[in-house]
Amino acid sequence: METAKEIVKEVAKRKAQKVAFLVFLKYILPILLVCALIFGVLFMILAIAGSFVQQDGGLEGGEAVNLSEEVLAYRPIVEEYATEYGVEEYVGIILALMMQESGGRGDDPMQASESLCGSVGCITDPEQSIEHGVKYFSQVLERAEGDVKLTLQSYNFGGGFIDYVMDNGGSYTQELAIDFSSMKYEELKHTGNYSCVRPEAVQYNACYGDIYYVDAVLRYYDYTLVIEGEFAMPVQGTMTSDYGMRSDPHTGEQDMHTGIDFGCINHVTPIYATHPGKIVYSQFHVNNNGTPGYGNLVMVQHGEQFITAYAHMSSLNVDVGETVDQGQKVGVCGSTGSSTGPHLHFETKTGLWDGHQNPAEVLGIGDL
Ligand SMILES: [Zn+2]
């Protein structure tokens, strides 16, 4: 038998439970809902921010960039044939290739006539050009065992380059491209049909095709498009020369100084990428007329129209096509090329060789 006391106790217990439930409904539940909402919003913000971070996913993971309207208009047709020939993950590479070949202009935007019929001009319909170009790309890619750089260079040199590479190590290198070009040029120069497309190729006598074709295509692929955040200093050193008109240290004449200079220690001071990007140039530079130029030069592409250059270095630490982080070492201080002593000549510009801007303004360090 329950006593009256126990009944009262039971009623009180139920009442307390009811109150607790009401408190939960009225106060705690809304707080939980608000927390969930805040976490949800935070998660979305992080996810969106994350999607802007460039991933270094290798050649297959990138995207074609800086394409002309004409090339962009061909994307659906390229996608269609890329799917048909089993190279759908290479659509970006193929669009970059088309950009380099023609910029999307003309009746043969993939410049596929030679691989179809052995001579230029047999293709007169853009769709036929794309179909054959994509098919040819897929065949070369297969023969190149998936080596995209070898595939691209063979698109320019012809299939003979694949056999040459397979006999000499099995994967694309710039040296093999130069050796092959100079060998073919030696063989064919008597025909008078070949001349150097680039002044840099003359020194190697490599005037068959374009020895820098891979880099030329990859300029249209996988660059970081968003410029944001701050810039790192390219070197630990004192600024020694401003951007702008100055009297040339060699001739004494008034001349345009297209960058800013920093003092540094020869063979010692590291030079850093000032912003994340992709290496678009890394070699010894000589002016077109043969006079000393930038010496050991690295150029980093950060955005569609934003390049930084690091000149006169004693050594180079990066290769073309590589992506670099902000603050990554690209070379070592030097005095190579047209230089009167160890220093870093640093440029910011919109094109590889033009569109110079005052780097002091870009870096936010002010003039001397
Ligand atoms: Zn300078």
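Start at 1 and go down the list; that is how both ligands and their atoms are numbered.
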Q: Could you tell me which residues satisfy side-chain contact (heavy atoms from CB on, under 4.5 Å) with Glu186, sequence neighbours excluded, listed by chain and number?
A: Lys189, Asn205
Q. Within the stated cut-off of 2.8 Å, is an N/O/S atom of His343 closer than that to the Zn ion (ligand 1)?
A. no
(Q) Report the atom name of the nearest N/O/S atom of Asp261 relative to the Zn ion (ligand 1). (A) OD1
(Q) Can you tell me if, anywhere in His257, an N/O/S atom lies at a distance from the Zn ion (ligand 1) that is smaller than 2.8 Å? (A) yes
Q | Student check: side-chain heavy atoms of Arg143 and Met166 closer than 4.5 Å | A | no
Atom pairs and distances, side-chain donor-acceptor, residues 118-127, under 3.5 Å, sequence neighbours left out:
unit_1: Asp125; atom_1: OD2; unit_2: Gln128; atom_2: N; d: 3.4
unit_1: Glu127; atom_1: OE2; unit_2: Tyr81; atom_2: OH; d: 2.7

Q. Does the Ser181 side chain pair with the main chain of Ile178, one donor and one acceptor, at a distance under 3.5 Å?
A. no
Q) Can you tell me the N, O or S atom of His345 that's nearest the Zn ion (ligand 1)? A) ND1
